[in-house]
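Residue numbers begin at 1 in each chain, while the letters A, B, ... track the order of the sequences. Basis for what follows: all heavy atoms, side chains included, without hydrogens, waters or symmetry-related copies.
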Amino acid sequence: MREPSQWVPMISRARQGDQGERERWLQQMRVSRLPGLIAGQVKWAEVARREDVAKRSLFIKILYNGKEVSRTDSRSLNTDFRVHFGQIFNLKIVNCPQSINLQVFEELGSSCSLLTQVFVPVPEPSVLTGSVLLEEFEFSSNQRVMFDHEGVGSDVPLSFEPDGSNKQTLLTSGKLSCCVSWGIGEDDVPLAPPVSQQPAGIHSGLGRLDAVTSIGASGLYDMKKIGEWATQSRLDPNDPKNASIMQLLKVARSGEVTAPDYFRLEQLQEEFNFVTDEELEGSKRFRLLRLRNQEVAEFRSYKCVPGLEREVSDKVFQEYEKRLKDGEIIDTKEHLDSHRALVAKYLQKIRESVINRFLLAKHHYLLSDLVIEEEIPSIGILGINLFKLAESKRPLKPQRKERKKVTAQNLSDGDIRLLVNIIRAYDIPVRRPHSNKPGQSTPSVIQGNDWLIGQVQVRPFVEVSFQRTVLQTTTADGPNPCWNEELQLPFSAPNGDYSIASLQSAKDEVFISIFDELVYETGVSDKDGGKSIHTRAEKHWLGSVKIPFSTIYSQSRIDGTFKVNTPSVLLGYSKERSHGTNGGYDMRSLSEGAFITVFITIEPQLVPGEPIREKFDSQEDEHLLQASERFERDAAQRYPDRPVITTVIDLNGKTVFITRYIRPLNPPQELLDAFPNNPQEATALVARFVSLIPSLPDRVSFSGVCDLWSTCDQFLTLLAGDEEEHAVLLCNYFLSMGKKTWLIIGTAIPEGPTAYVLTYEQSRYLIWNPSSGQYYGQYDTFCPLQTVGCLVNADNVWLNVQQYTAPMRISFDTTKANLWKPFFSRSFSHPGLSSVQQGELVYRRTDRAAAAELQDRIEKILKEKIMEWRPRQPTRWNRYCTTTLKQFLPKLELSGGRDVAEGHRHELQSLLGDNRIAGFPLHLPFSEIRPIVEAVHSTGVHNIQASNVEFALAVYVHPYPNNVLSVWVYLASLVRT
Amino acid sequence: MATSDPSVFLLTVNGQIEGADFPEYDNLYCKYCFVYGHDWAQISGLEEGITQITCKGSQSSHKLIWNFPLETTFKSTNPSGWPQLVVSVYGPDVFGNDVVRGYGATHIPFTSGQHTKTVPMFVPEPTWRLQKFTSWLLGRRPEYTDPKVVAQGEGREVTRVRSQGFVSVSFHILTKDMKKLGYDTGPSSPVNNGSDASAWSTEEQTYRM
């Protein structure tokens with residue numbers, strides 16, 4: 001059997017016949033330019049003419065088959081109107097001659113103009129060098145030439161008679177003498193091509209068909225095409241030069257050779273195989289080596305692969321095979337919910353395929369990865385440094401300085417600390433005086449006296465817990481405290497692996513909780529004559545902020561004011577703002593709730609992982625991709641701090657244009673039906689539905705390799721996604737509800753680069769945070785959105801080209817081209833991109849039975865956990881209170897946590913009159929059990945030390961369509977007084 | 001890891017970093033470390049070390065002599081990832097800053113016996129000519145993030161280096177049980193003193209798998 005690669009040389013040999021041809025040209029040319037002469041006395045005008053002639057020179061270009069192959073030197077015209085070139089050009093030709101063309105040029109200074117061209121016939125094969133005579137070719141040109149001296153010019157009427165009669169018109173004309181002939185080789189063989197293959201007559205115009213040019217190099221492997229070519233070019237079957245091709249064609253026609261449709265690169269591979277493939281597959285040792293080389297998780301750092309086959313135990317593979325098999329089995333214990341377990345598996349699969357795709361890219365290095373080099377100090381930096389010399393040593397308002405970055409690999413446990421600077425808080429809920437029963441509560445509480453004075457409303461302190469390390473600030477006074485304290489929490493990476501990928505996928509969260517410290521008097525003892533008062537401090541949870549470690553890591557620092565996540569009902573506290581002396585904070589009055597200002601960073605500063613440096617394949621038009629690359633590059637140059645996205649990567653790893661994600665999509669009908677007459681309520685409910693889908697940053701799920709955008713139906717199937725997915729879904733819902741909606745690409749605290757949703761309603765703009773479901777007015781100072789980079793809708797992308805980026809300082813009117821630069825404009829119009837979203841979303845019905853079951857399981861687990869956290873004291877559960885709380889939770893869900901608090905409090909108070917009760921409901925989207933346990937733990941309710949404490953715990957799971965679950969945990973502690 | 005005592009072979013390296021030949025520089029010292037693959041483990045000896053500072057003698061040739069001993073033993077199951085000695089030479093520049101004068105790596109010889117290796121050294125080059133000047137001025141020459149880079153092939157294409165100087169290292173190699181695992185490290189063994197039953201001999205009865 002013949003391999004295709006073996007017959008390639010034969011064809012090239014067949015072409016070598018042409019290469020041997022050689023053509024030799026002898027050219028001697030005499031050109032005379034007839035007009036331009038009137039002989040006479042040498043007058044000054046004639047001198048001018050002669051000078052002009054001397055300035056001009058002629059040369060000839062030789063064109064073979066229409067291509068310039070050579071040119072003569074340029075010579076000037078002699079006085080006898082001749083030009084003598086006397087040059088011989090040897091031309092080795094590969095293609096068969098079709099035309100030989102001589103172009104005569106006139107050169108004046110640096111400019112040259114074509115005078116005329118002469119076609120020379122291709123010589124017969126018998127015309128050989130040395131036996132030819134010069135031939136003369138006449139030429140003329142009808143170009144009009146006029147001179148300002150006495151020269152005649154061309155195509156100009158002139159008369160030789162003194163009276164101007166008998167006018168004549170002379171044209172530029174002349175003769176070119178040259179000869180063309182075939183060369184003679186060393187052995188006196190003429191180098192002309194054989195007569196039979198001359199293009200004369202039969203194939204005129206086509207020339208002889210060359211195999212490669214006629215069917216293309218790739219066609220050479222195709223037998224059929226070669227056959228066609230052979231018949232087309234009338235290959236001489238009797239020519240011995242063609243014998244091998246004819247042989248091949250004959251074999252091919254008889255069907256003995258079927259050309260394989262692949263090209264074998266390593267034909268000799270088999271020769272070099274050291275074992276057969278079967279042996280390679282069967283051997284445990286080879287398998288182990290291969291798995292390690294493929295960087296399979298279990299074997300990536302496997303040490304000491306045994307050198308002998310028999311020493312590899314089967315146990316090594318057990319875990320790995322179990323994992324492979326486990327792909328289908330669902331572990332319900334961890335996930336509680338079978339659907340979410342399935343999704344987790346699916347996510348795992350996507351993750352693996354994506355990671356495999358990027359394994360290659362991981363091995364791409366930049367110079368900075370390998371070599372440490374000092375930056376060149378630019379003029380700007382030098383200037384700043386000079387400026388710094390004049391700066392005061394201890395300025396009144398110090399700025400934070402940039403620190404040196406540390407690469408993650410050479411770190412170990414205890415090297416990394418998390419620095420949390422707690423600065424201040426605003427509008428913390430204050431204690432409610434037990435006004436309905438003042439007589440009972442005040443005597444036992446020390447602060448009771450303070451109420452009378454009217455000073456201490458609350459004594460808050462902040463507790464930061466991270467990886468089960470808990471630190472707290474000192475206690476401050478009042479609802480607007482200022483702590484200004486720095487807390488340092490140690491960080492230990494998962495499995496002690498400090499690589500960038502591992503740090504990025506750390507799932508730990510920092511909980512910043514605000515507590516109120518209450519001090520109770522427990523008794524007075526009269527020892528040693530002195531009176532000592534025993535007090536007991538109790539802390540009540542007021543609210544918390546949680547920030548994922550991955551966000552801190554990727555942002556490298558978080559600085560800002562956050563809304564504290566306060567429970568909708570806080571027993572014993574009121575959220576009424578203290579409209580007191582400091583009335584200057586009018587700007588804040590728009591938003592409700594408590595706020596805390598913190599600064600968080602990691603010490604030492606770690607280098608966040610870089611986005612993948614690889615181009616992804618795409619189905620988009622090349623022009624579009626280039627335009628978007630240009631758009632993004634221009635934006636990055638002019639506005640480096642404004643995030644701009646025009647193309648994103650979908651779950652298949654393909655680049656997709658961003659507007660394709662935007663399309664009106666129907667929200668679940670049940671949500672729309674809930675408030676048929678109140679569109680505002682319905683909007684809030686839809687936003688709440690979107691925010692209930694758990695957030696999972698891509699850098700956690702894909703260990704930071706890239707930011708992937710899933711479509712809305714993928715997002716609803718996975719039930720986990722980034723802010724971008726939330727934003728796209730919310731935007732699409734709003735569009736289908738008939739709102740004017742845009743996607744905002746910008747930066748926010750604490751998320752960093754993110755996506756928000758902008759709507760235009762009742763002539764004002766609203767900014768929606770898709771992951772919390774909350775909305776802010778454009779002029780809200782506590783809006784977490786800090787920078788607006790660009791706006792996106794289904795038709796276009798607009799880049800913010802205004803001076804400012806903060807939402808409250810910009811105009812959202814995208815029709816103004818001087819404020820918003822559109823991607824698609826008149827010069828580059830929208831090519832009609834179809835959407836990647838499916839036309840209609842199908843939702844699964846709510847499953848109340850499953851929700852109820854989940855509710856019981858969560859309750860059981862939480863009760864067990866609380867008892868586990870209180871190993872010393874007995875944990876008693878107050879059943880009566882629990883049932884009350886349980887009845888209350890569904891009301892909270894329905895109202896979204898508003899308006900019912902007051903009534904509920906009264907109800908509880910009347911039921912449990914002589915108990916001091918502290919409690920609150922927690923609200924979470926459901927993804928796994930772990931975050932719920934963490935959230936409950938961070939509130940510290942279990943830490944109450946009083947001996948007569950009782951607990952109440954109620955869990956309510958509210959099902960939404962498509963298995964989106966809203967979890968409420970009501971936790972209360974009761975102390976009998 | 002999980003496997004219980006797979007059969008290993010041993011490689012003992014004795015030798016010394018003899019000296020260096022850097023015609024332009026003086027007062028140099030040398031750091032060394034070993035780089036080896038997954039299947040290797042160092043069971044005795046120092047994994048890395050640092051020599052004294054030495055300056056050129058006046059009468060002798062312009063060699064810098066360290067004579068720093070190397071003594072280490074490796075055990076392994078597979079020859080892939082054979083240990084490499086990575087040396088890097090440092091010395092002060094005109095301003096007294098310690099800068100790197102060369103990186104180099106060599107495989108530890110495979111065969112038993114005595115070997116002398118001359119390791120050519122190189123340093124990464126600054127990217128720009130201006131950077132060359134500033135790095136000279138500030139005494140911060142470009143350096144590898146990790147000297148072990150020179151023992152690996154991955155990612156080297158992004159760097160540019162200049163070669164300068166040589167380091168000579170002598171090795172005395174002993175291997176044990178190589179043949180037992182089926183590896184023949186070649187003919188450098190002189191005469192088989194069959195009577196000596198020491199397991200440390202270079203020749204072993206061939207073992208067929």
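- Few gaps surround NZ on Lys284(A); more than 12 heavy atoms of other groups in view lie less than 6.0 Å from it.
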side-chain contact (heavy atoms from CB on, under 4.5 Å) between Asn78(B) and Arg285(A), intermediate numbers included: CA-CA 11 Å; Asn78(B) 284 306; Arg285(A) 177 166 171 264; 2.3 Å; yes

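- Contacts of Pro126(B) with chain A are made by both backbone and side-chain atoms, with heavy-atom separations under 4.5 Å.
- In Arg160(B), the CZ atom is not crowded: 12 or fewer heavy atoms of neighbouring residues, nucleotides or ligands sit closer than 6.0 Å.
- Residues Glu311(A) and Ser7(B) come closest through the heavy atom pair OE2-OG, 2.6 Å.
- Only the side chain of Tyr183(B) comes within contact range of chain A, with at least one heavy atom under 4.5 Å from a heavy atom of that chain.
- The shortest non-hydrogen separation linking Thr159(B) to Val371(A) is CG2-CG2, 3.7 Å.
- Only the side chain of Gln152(B) comes within contact range of chain A, with heavy atoms under 4.5 Å apart.
- Of the listed residues Val8(B), Val149(B), Thr127(B), Thr77(B), the one with more heavy-atom pairs under 4.5 angstrom with chain A than any other is Thr77(B).
- Around atom CZ of Arg638(A), no more than 12 heavy atoms belonging to other residues, nucleotides or ligands sit under 6.0 Å away.
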